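As structure tokens, the structure follows; a few thoughts come after it.
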Amino acid sequence: MTADPTAILNDRFDEAMKAAFGDDLPEGASALLSPSKNPKFGDFQANGAMGLAKRLGKPPREVAQAILEHLNVSDIAEEPEIAGPGFINITLKPGALSAAVAEMDSPELGIEPAADPNSEFRKQTVVVDLCGVNLAKQMHVGHLRATVIGDALARLNERLGHEVIRQNHFGDWGLPIAMVTTAIKDGIDAGTIDPQDLTVADLEHYYRSAQAECAPDRRGLAAVEKFALGPKARAELEEQVAGAEAALARAKEGLVALQAGDASYMTVWRQICHITLEDCFRNCRKLQANVTDEATAGESTYRDELPEVVHDLESRGVAEESDGALIVRIEDLTGIKEPCLIRKSDGGYLYATTDMAAIRRRVRKLGADRVIYAVDSRQGLHFKQVFAAAKKAGYTKLIRGEGEAELFHAAFGTVLGEDNRPFKTRSGENVRLSDLLDEAIARAEKAVAEKNPDLPEAERHEVAKAVGIGAIKYADLSSDRIKDYVFSFDRMLTFEGNTGPYLQYAQVRVRSILRKAENEHSIREADIAEAPLVIEQPEEKALALELLKYPSVVRSAADSCEPHRLCGYLFDLATSFSSFFTACPVLKADSDELRLSRLRLASLTGRVLRDGLNCLGIAAPERM
RNA sequence: GCCCCUGUAGCUCAGCUGGAUAGAGCAUCGGACUUCUAAUCCGACGGUCGGAGGUUCGAAUCCUCCCGGGGGUGCCA
């Protein structure tokens, strides 16, 4: 038995509509119940009568009236009213509202955990592809969103009770990797590189030089010929091209050696992997994102599966040859003319091949019902191709039950600098993630020191980490994923408006008031937990109604893979709480009953804020 | 060329399957602190929702065309 007004009202409307229209009621007709947009229209509104009227060919207000004649909500609501073209407005009775809030005031905060097999919220296995670092490269802003958004989506699904498997799709295989591995191995063999003290920065340096070394400057050579730039320039370029060809050939040997599992190459390669990943995990810890070794599945782990996948596709006629390459046509499924290439004409595999293998493993081995890719929007076409090809190949068939796994590209836009160009350093380099995080923490620490000088230094530093990192993550999560956004420390750390620190501060105010209740009034959590709720002031009512939205917001943010919905909600909740906090004295309330009631509202608000922030991967400090 | 994304207040952005007078924050202006942490709150100002058609009782939302911005486009990942 629920006290959730939305659930109750939905049921009652369903009954009323059936009673009013019987067999004439169209399939899927709904009351379209939602919280009112404006308090003057009551607490909830049902918009379904108007759509229903169209389908029944009757005047909307008449339909609304017919529903009302069969609607029985007198136990929880005042007399419903028809307004405008056919809205039905519902105002809850005070007792119903406090009962609903009291019901929600539980450890689960009103979110029914997913369960199997036949519950309303079926437990699913959700694979989240996130982070996506590359071997021998430092993390930079480009990894920020893949990590922050992916982690938030994983947390949201965990919160709903799903089985979540994170997959850090580590770019540790292929020709570019062979280039750097070969270069470093040669350096070690020649005694110019000490394998003991290699850092990621070193690796990145070698990665770049290896890339450059293997890239013949054919355009330069062509220019020399075109403009007759003289024998010296020509000789230099010819030498460069010859050198590049040799380096490339050497790298290809390296690739073959790696593919064959050659011990001397593998040792170097493993060390490069280790150094890269340790740096990655360190950054993720600093970012307070849950990405670990167990969650890391490098592209190399698919290497034995690639020939299998290709052979499977070829033998079953899913793939076909075209211009020497092996492709899967997807135009029939998607209307997209560009096919999915899974093998090059030289026999090499492509990243689509690896992604096909990954889908196969994730659905068949990991048992995914849903695979979510937190990856840059520029990969949009690639994923459409791979998803379609995987579907065509039958790789999305669920291992449990009927149907197919859902493959979802949670695409995100670019992080821009203040100049509206992709965020880079002045010299045009990628901004290192660790630098970015350090600066956020430093700026937050300065602000905390100004605002709250009494905070002990050790705690101040911890708070700065929560606030600085929270600010970055919230800025990333709070607007629609697909859009680009401008990275601005000033805006995200002003602590005003829709920012992480604003939410953290609202939560801190709750903590503060509860501490004070305990220390100065000897009121304990247990006294508050069962206190009767008195909801009379407009600010109390607004806060109560806002609190009730929480479970459905978490669900919708997870289902749509849109964390910004939760952000927007938490901001509204924090705003409602701040208004309540200003307008309604809590500890100085007029009566003990009111004091406890307001403490309970505050406590619940604090827990929802904390829980919501946790779903976003943002810490909620005790003080700030 | 084709495809995808995007265009809402001076700035940054919400607006969920079409619903009531399009909402916040910042900025600007005016109020509220011997505090429950003012990192706050209350109020004012501010928008032909890129443009033009169309569908609808009703369109920022759906359809068509056009314009601006970004991105992607068969053998890199």
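A quick note: this is a predicted structure, and the numbers were derived from the prediction, not measured. Naming convention: chains lettered A, B, ... in sequence-line order (proteins, then strands); numbering from 1 in each chain.
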Practice task
Kindly check if the number of other-residue, nucleotide or ligand heavy atoms within 6.0 Å of NZ (A:Lys252) is above 12?
Solution key: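 Result for NZ/A:Lys252: open.
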
Pairs under 3.5 angstrom, nitrogen or oxygen only, protein versus nucleotides 6-11 of chain B, please.
{"unit_1": "B:rG7", "atom_1": "OP1", "unit_2": "A:Lys483", "atom_2": "NZ", "d": "3.1"}

Exercise for the section: Check the pair A:Asp376 / A:Arg378 against salt bridge (Lys or Arg N to Asp or Glu O under 4.0 Å), numbers first and verdict last. Expected result: CA-CA 5 Å; A:Asp376 194 296; A:Arg378 284 174 295 195; 3.0 Å; yes

Within the 4.0 Å heavy-atom criterion, would you say [X] contacts the bases, only the backbone, or no part of the nucleic acid?
X        : result
A:Ser479 : sugar-phosphate
A:Tyr502 : sugar-phosphate
A:Arg623 : base
A:Asn89  : base
A:Ala83  : base
A:Lys451 : base
A:Pro60  : nothing
A:Gln45  : base
A:Gly413 : nothing
A:Phe571 : sugar-phosphate

Protein N or O to nucleotides 27-29 of chain B N or O, pairs below 3.5 Å:
none

Exercise for the section: Choose from B:rA39, B:rC42, B:rU56 the nucleotide whose nearest atom is closest to any side-chain atom of A:Lys54. Expected result: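 Side chain of A:Lys54 sits closest to B:rU56.
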
Between [N] and [M], how many Å separate the two [atom1] atoms, rounded to a whole number?
N      : M      : atom1 : answer
B:rG46 : B:rA22 : C1'   : 14 Å
B:rA24 : B:rA14 : C1'   : 7 Å
B:rC63 : B:rG19 : P     : 15 Å
B:rA20 : B:rC62 : P     : 16 Å
B:rG15 : B:rC3  : C1'   : 28 Å
B:rC45 : B:rC29 : P     : 16 Å
B:rC16 : B:rC57 : C1'   : 23 Å
B:rA39 : B:rU56 : C1'   : 48 Å

Problem - Length of the CG-C1' vector between A:Asn47 and B:rU17, whole Å - result: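 Value for this atom pair: 12 Å.
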
Handout entry: Trace of the salt bridge (Lys or Arg N to Asp or Glu O under 4.0 Å) decision for A:Asp592 with A:Arg595
Key = CA-CA 5 Å; A:Asp592 287 349; A:Arg595 180 176 309 129; 2.8 Å; yes

Exercise for the section: Please lay out, stage by stage, how A:Glu204 and A:Arg208 fare under the test salt bridge (Lys or Arg N to Asp or Glu O under 4.0 Å). Expected result: CA-CA 6 Å; A:Glu204 190 158 328; A:Arg208 284 188 192 167; 3.0 Å; yes

Handout entry: A:Glu518 and A:Arg515: CA distance, side-chain angles, deciding distance, salt bridge (Lys or Arg N to Asp or Glu O under 4.0 Å) verdict
Key = CA-CA 5 Å; A:Glu518 185 171 349; A:Arg515 265 199 315 275; over 6 Å; no

Exercise for the section: Could you go through the side-chain contact (heavy atoms from CB on, under 4.5 Å) check for A:Ile359 and A:Leu407 one step at a time? Expected result: CA-CA 9 Å; A:Ile359 291 170; A:Leu407 306 173; 4.0 Å; yes

Problem - For the student: nearest non-hydrogen atoms of A:Asn89 and A:Ala83, plus distance - result: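 Heavy-atom minimum between the residues: ND2-CB, 3.6 Å.
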
Problem - Minimum side-chain heavy-atom gap A:Val180-A:Leu203 below 4.5 Å - result: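 Contact flag for A:Val180/A:Leu203 side chains = no.
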
Handout entry: Nucleotide-resolved protein contact map, nucleotides 71-77 of chain B, B/S/- at heavy-atom distance under 4.0 Å
Key = SSSBBSB

Problem - Donor-acceptor pair between A:Asp355 and A:Tyr302 side chains, under 3.5 angstrom - result: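 The criterion, which ignores hydrogens and geometry beyond distance, is not satisfied for A:Tyr302 and A:Asp355.
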
Problem - Residue pairs fulfilling side-chain hydrogen bond (donor to acceptor under 3.5 Å, both in side chains) with at least one residue in residues 48-63 of chain A, sequence neighbours excluded - result: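 Sorted pair list comes back empty.
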
Problem - Verdict with reasoning, A:Ile528 to A:Leu514, per side-chain contact (heavy atoms from CB on, under 4.5 Å) - result: CA-CA 10 Å; A:Ile528 299 167; A:Leu514 291 173; 3.8 Å; yes

Handout entry: Results of ring pair (Phe, Tyr, Trp, His ring centres under 6.0 Å) for A:Phe170 - residues two or more places apart only
Key =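 Checked A:Phe170 against ring pair (Phe, Tyr, Trp, His ring centres under 6.0 Å); zero matches.
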
Handout entry: Test log, rule side-chain contact (heavy atoms from CB on, under 4.5 Å), inputs A:Tyr207 and A:Met179
Key = CA-CA 8 Å; A:Tyr207 184 92; A:Met179 288 179 191; over 6 Å; no

Exercise for the section: Could you run through RNA chain B and flag its stems, i.e. three or more consecutive Watson-Crick or G-U pairs with both distances under 3.5 Å? Expected result: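 In RNA chain B, stems of three or more pairs: B:1-7 with B:67-73, B:10-13 with B:23-26, B:28-32 with B:40-44, B:50-54 with B:62-66.
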
Practice task
Given side-chain contact (heavy atoms from CB on, under 4.5 Å), test A:Phe580 with A:Glu546 step by step and report yes or no.
Solution key: CA-CA 12 Å; A:Phe580 160 81; A:Glu546 201 62 41; over 6 Å; no

Handout entry: 5'-most by nearest nucleotide on RNA chain B - A:Val486 or A:Gly84
Key =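 The residue closer to the strand's 5' end, by nearest nucleotide, is A:Val486.
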
